Amino acid sequence: MVEAFKNSWITFKSIFIGMGITIRHFFGKSVTLQYPDERPVLPNNARAKLYVNIDDCIGCNLCARACPVNCIYIDTVPSTSDVDLGKTSTGNPKRFWLTRFDIDMAKCMYCDLCVHPCPTNCIYMVSEYEYSEFNRTNLIYHFSNLEPAMVAEVKEKAANEAAEKQRQREEMMRKKAEEAKMKQIEAKKQAEEKNDGEKGSEPSKKENGDS
Amino acid sequence: MIEAITDSGERREMTINMGPQHPSTHGVLRLELVLDGEVVKHVKPHIGYLHRCFEKYAEQMDDYAKVIPYTDRMDYVSAMNQEHGYVLAVERMLELEVPERVEYIRVIMAELQRIASHLLGIGAFGLDLGAFTPFLYLFIEREKILDIFEKASGARLLYNYMAVAGLMRDVHPEFKDEVADFVKTFRPKIKELDDLLSYNKIFVRRTANIGVLPVKVALNYAASGPVLRGSGFKWDLRKNDPYSIYDRFDFDIPVGSGEMGSLGDCWDRYIVRVKEMEQSLRIIEQALDGMPDEGDVMAAIPKRIRPKEGELYVRTESPRGELGYYIVSDKSASPFRVKARAPSFVHLSMLPAISKGALIADIVAIVGSIDIVLGEVDR
Amino acid sequence: MKTPEEIIEILQNRFTDEEWILESGQSGLPWIRVPANKIKEVSKILRDDAEFRFDTLMCLSGLHYSAEQELGVAYHLHSTSLKHSLALKVRVPEEKPEIPSVESIWKTADWHEREAWDMVGVQFTDHPDLRRILCPDDWEGYPLRKDYVPQEFYHGVPTGEKTVSEQND
Amino acid sequence: MTQYLLNINPIAILVHAAIPLTIILVYALVAIWAERKVAGFIQDRLGPMRVGGWHGWAQSIADLLKLIQKEDIIPADSSRFLFKFAPFMMFAASYAAFAVIPFSSSYIGSNINIGVFYLLAVTSVLTLSIIMAGWASNNKWSLLGGMRSAAQLVSYEVPTIATVLTVIVVTGSLNLMTITEMQSGNDILGFLPNWLIFQNPFLLVAFVIFFISILAESHRVPFDLPESESELVAGYQTEYSGMRWAMFMLAEYADMLLLSLLGATLFFGGWNSPFGEFMSGPFWSFFWFMLKGLLLVFVMMWIRWTLPRYRVDQLMYICWSILIPLSFINLVLVALWEVIF
């Protein structure tokens with residue numbers, strides 16, 4: 001009986017303590033942030049969205065290779081000799097036209113792994129977090145700033161130059177091959193001549209040696 | 001079902017599916033309950049609804065570092081601890097030494113994460129028993145930890161902060177002050193939690209003597225972490241098999257005492273978590289004192305991580321228990337096999353053993369008290 | 001506290017008909033290769049013998065050695081009283097991947113073995129309830145085998161990543 | 001009988017029926033909003049803030065509009081008639097009980113001399129409608145919720161009635177108007193109002209038991225087992241949607257108000273002003289009555305957002321082993337006190 005009363009007393013006491021805490025919070029301050037009116041201040045290094053400073057990109061493909069989910073797509077075309085693409089702000093020379101630099105943010109898992117290998121620090125996370133879309137394809141961001149016509153032109157140019165280079169290389173190879181052939185022939189000739197001479201001289205040497 | 005009640009005389013059992021969409025299964029877990037009235041005769045957990053082939057993905061990555069973001073997603077409530085275990089395993093494989101400062105930051109992060117994870121676990125446990133308010137009070141505190149993480153790593157939940165041989169980036173300059181501040185403001189909140197929930201008589205009556213797990217059964221099931229400690233077994237990998245720099249810190253291992261009911265019941269498992277948060281605070285304080293202010297956060301390693309051929313099993317104490325990584329390397333750049341031994345997986349497998357004869361409400365309490373995260377169970 | 005070397009010596013004395021070898025890679029930790037038919041016996045001794053007292057099975061993992069066409073199972077044991085650890089490994093050919101279950105010795109092996117069965121297809125004989133655990137019951141193939149090709153459709157639902165994105169686009 | 005029916009004035013009946021209905025509807029809209037605000041403030045949140053401007057006052061109206069538009073889903077294998085009928089029956093039960101509540105010194109729906117008895121009898125129909133809903137849904141969770149609620153309501157009716165009996169013992173009347181009138185005046189210790197709760201120390205105990213019982217009767221935490229969301233998903237409401245679900249919600253809140261008002265009538269002087277003649281009269285008495293009732297409702301909300309929930313067997317234990325014996329002992333003690341003093 002006494003036990004039962006004690007138990008109920010403890011129950012009531014713990015309930016009242018709990019109610020005391022909740023009523024204190026009732027009159028306390030709330031922690032809610034009224035979202036569209038007030039916005040949370042994200043730290044500078046918040047990882048919310050990938051951004052590429054395309055002017056600094058040298059098309060090295062390191063980020064795409066570092067991505068665990070393969071959400072970065074890069075196509076490059078080597079620049080032709082008549083165009084100087086300039087240098088990045090970090091001083092690396094640019095050697096490629098970036099015909100395509102797409103990031104599928106629907107696939108991205110914000111792991112930050114692509115940021116670190118970049119030699120020119122041109123790919124990084126920004127703290128912009130409101131970019132929902134109604135259509136999934138809108139989440140594929142195109143960073144390349146080349147016009148389609150330009151892309152075609154560049155591609156053609158590059159192809160031409162590549163063909164030219166190939167041709168040159170082939171010519172060189174041919175020349176080299178010819179030269180080598182000539183040399184071989186000459187060498188053969190010389191060797192034959194030598195041989196002819198040697199045939200006569202050798203025995204005399206031997207003879208000398210023997211004697 | 002209609003036969004079950006129109007049938008007069010004989011008792012008939014009712015099979016009921018709890019989950020995969022149920023408010024208190026902590027994710028997509030399905031429990032097949034065989035009921036006699038409200039008494040549970042058998043429980044059969046069905047898992048796999050959240051299976052994302054972590055191990056297969058790990059094998060297909062061409063870099064050991066690329067696995068780290070996936071480890072985050074295993075136990076998404078304690079991502080830092082998951083990373084910690086994995087990078088430790090790879091570092092041991094490579095026989096690497098990491099800078100002092102890195103070790104300290106890792107420990108602080110891991111302990112903060114442990115607190116954050118316990119806050120969620122405790123809160124959700126209260127929520128399962130119908131106490132909504134403590135859950136949100138604890139979330140306020142958890143947010144503060146996440147703010148610190150966000151400033152350091154840039155992300156709030158899946159950090160990818162620890163890298164093999166170091167950290168992805170250095171902590172922000174005011175990191176130490178913020179953590180110290182958090183430790184100071186958090187201590188009184190534990191007292192408030194005790195008053196509001198832990199020693200509330202209704203809560204105690206709901207949890208004491210429920211889901212009793214004897215030590216012998218716990219060891220046979222390889223239970224670990226708070227579940228094992230709740231059964232009164234003093235076992236903590238941070239003390240018993242020290243990794244990182246845990247041997248430098250002075251802290252206690254709280255164990256269940258059967259204070260409110262029998263040893264190893266839900267309340268014991270719960271209170272172990274509450275007490276563990278205090279111990280984590282102690283570790284954080286000591287680590288803050290010992291942490292060097294300056295220093296590199298990355299050891300020199302080759303660009304491509306290629307461990308020698310071999311294998312090892314490394315275990316760490318995650319908030320839920322022993323988190324093991326079994327890594328097999330075949331000398332190539334991608335791991336031959338990564339197996340994660342998830343504590344929740346093991347703990348969930350003992351659910352049938354400890355919940356015989358319980359009521360439906362007790363099943364909810366037991367599942368809450370072993371604090372499973374389905375992302376880790378299914379991987 | 002015993003090193004694997006000491007343990008293997010004791011085992012050698014116990015099972016004289018087998019030759020026990022301690023295997024190891026160039027890094028990491030060594031393990032003991034156990035013949036498939038002996039694993040249950042060995043496990044029982046390792047758990048109960050006063051010299052070992054391996055009371056917990058920390059981890060059980062299935063492996064697929066595609067080059068050798070073999071399946072493997074690694075057991076990681078730990079003793080909470082004597083504080084030593086040990087790794088065992090069993091390897092069986094792919095065609096007949098049968099290994100006795102250790103579920104009756106360490107209860108935790110129940111789900112771990114189910115996972116190994118589900119993932120690499122090791123058949124644990126006399127396991128009480130060997131069903132798939134992570135994949136659906138009627139899934140085809142063993143996902144963690146190196147030569148695994150996912151089935152294209154599961155009950156009419158495409159499983160591949162490509163088909164899904166093509167549908168959505 | 002026919003004579004009686006012919007004497008009825010239909011317009012008077014409609015007016016009498018409309019007044020409690022208006023009160024219930026307005027109260028339900030306010031109370032649902034208030035519950036969310038109370039929950040919000042207790043949890044350091046703000047609760048609804050956007051709809052309607054000031055602190056989201058129009059939130060429940062918006063919810064109501066949304067619920068009206070929602071599809072009315074009826075499970076395929078359900079018992080269709082019972083499924084459709086149950087929510088209305090539940091609301092009808094609590095609505096009918098308002099007939100005998102003396103809202104003001106000059107208004108009571110029906111001033112019958114067995115008021116309390118009628119009220120308790122009508123509210124027990126609630127049990128029936130909940131079992132109906134739980135069974136007709138053809139859902140196992142609903143069924144469990146329905147069974148729990150049947151057991152709970154039937155059990156807790158006993159201590160409720162026993163504590164109401166104590167009041168009847170003191171007042172000697174079953175008419176709620178009479179009971180209220182008996183409590184007017186400020187005579188106790190010179191300043192305290194003549195409310196029953198101050199008249200007799202054992203009536204205080206009776207009130208505590210009564211309050212615990214009405215928490216259980218209106219399914220509030222810590223006794224919200226029939227719909228305990230973390231165990232039974234939503235209990236007997238699991239399969240309901242749209243307006244039918246809203247009827248349940250309405251009935252639940254109406255029930256809360258009904259029992260709180262009953263408590264205010266029985267123990268806190270009903271519509272009597274706490275300051276004697278000051279601020280009395282038909283309007284003020286309505287104000288005081290609602291204030292007392294709503295304060296009790298607030299305490300119910302406050303408890304809800306503080307406490308965890310009891311388990312079903314503990315609930316039964318509390319009722320049968322503690323509250324029922326205690327309430328009957330208390331009844332005897334109250335009677336003795338009345339005889340002695």
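What you see is a predicted model; the values in this text were computed from it and never measured. Chain letters run A, B, ... following the sequence lines, proteins first and then strands; every chain starts at 1.
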Residues of residues 53-62 of chain A with a heavy atom under 4.5 Å from any heavy atom of chain D, in residue-number order, are none
Contact list (residues 14-26 of chain A to chain D, heavy-atom gap under 4.5 Å, by number) returns A/Ile15, A/Gly18, A/Met19, A/Thr22, A/Ile23, A/His25, A/Phe26
Ordered numerically, the heavy-atom neighbours of chain A under 4.5 Å found in residues 204-220 of chain D are D/Val208, D/Ile212
Using a 4.5 Å heavy-atom cutoff, which residues in residues 324-340 of chain D come close to chain A?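 The stretch does not come within 4.5 Å of chain A.
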Point to revise | Side-chain heavy-atom pair D/Gln43, A/Val31 within 4.5 angstrom cut-off | key: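 No, their side chains stay 4.5 Å or more apart.
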Heavy-atom nearest pair, A/Pro36 first then D/Arg50, reads CD-NH1, 4.2 Å
Under 4.5 Å to a heavy atom of chain A? For D/Leu46 that would be both
Would you indicate whether [X], at its atom [atom1], is surrounded by more than 12 heavy atoms from other residues, nucleotides or ligands within a distance under 6.0 Å?
{"X": "A/Tyr131", "atom1": "OH", "answer": "yes"}
{"X": "A/Asp37", "atom1": "CG", "answer": "yes"}
{"X": "A/Tyr73", "atom1": "OH", "answer": "yes"}
{"X": "A/Phe5", "atom1": "CZ", "answer": "no"}

Between atom CG of D/Leu307 and atom OG1 of A/Thr11, what is the distance when rounded to the nearest 0.5 Å?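 These two atoms lie 10.5 Å from each other.
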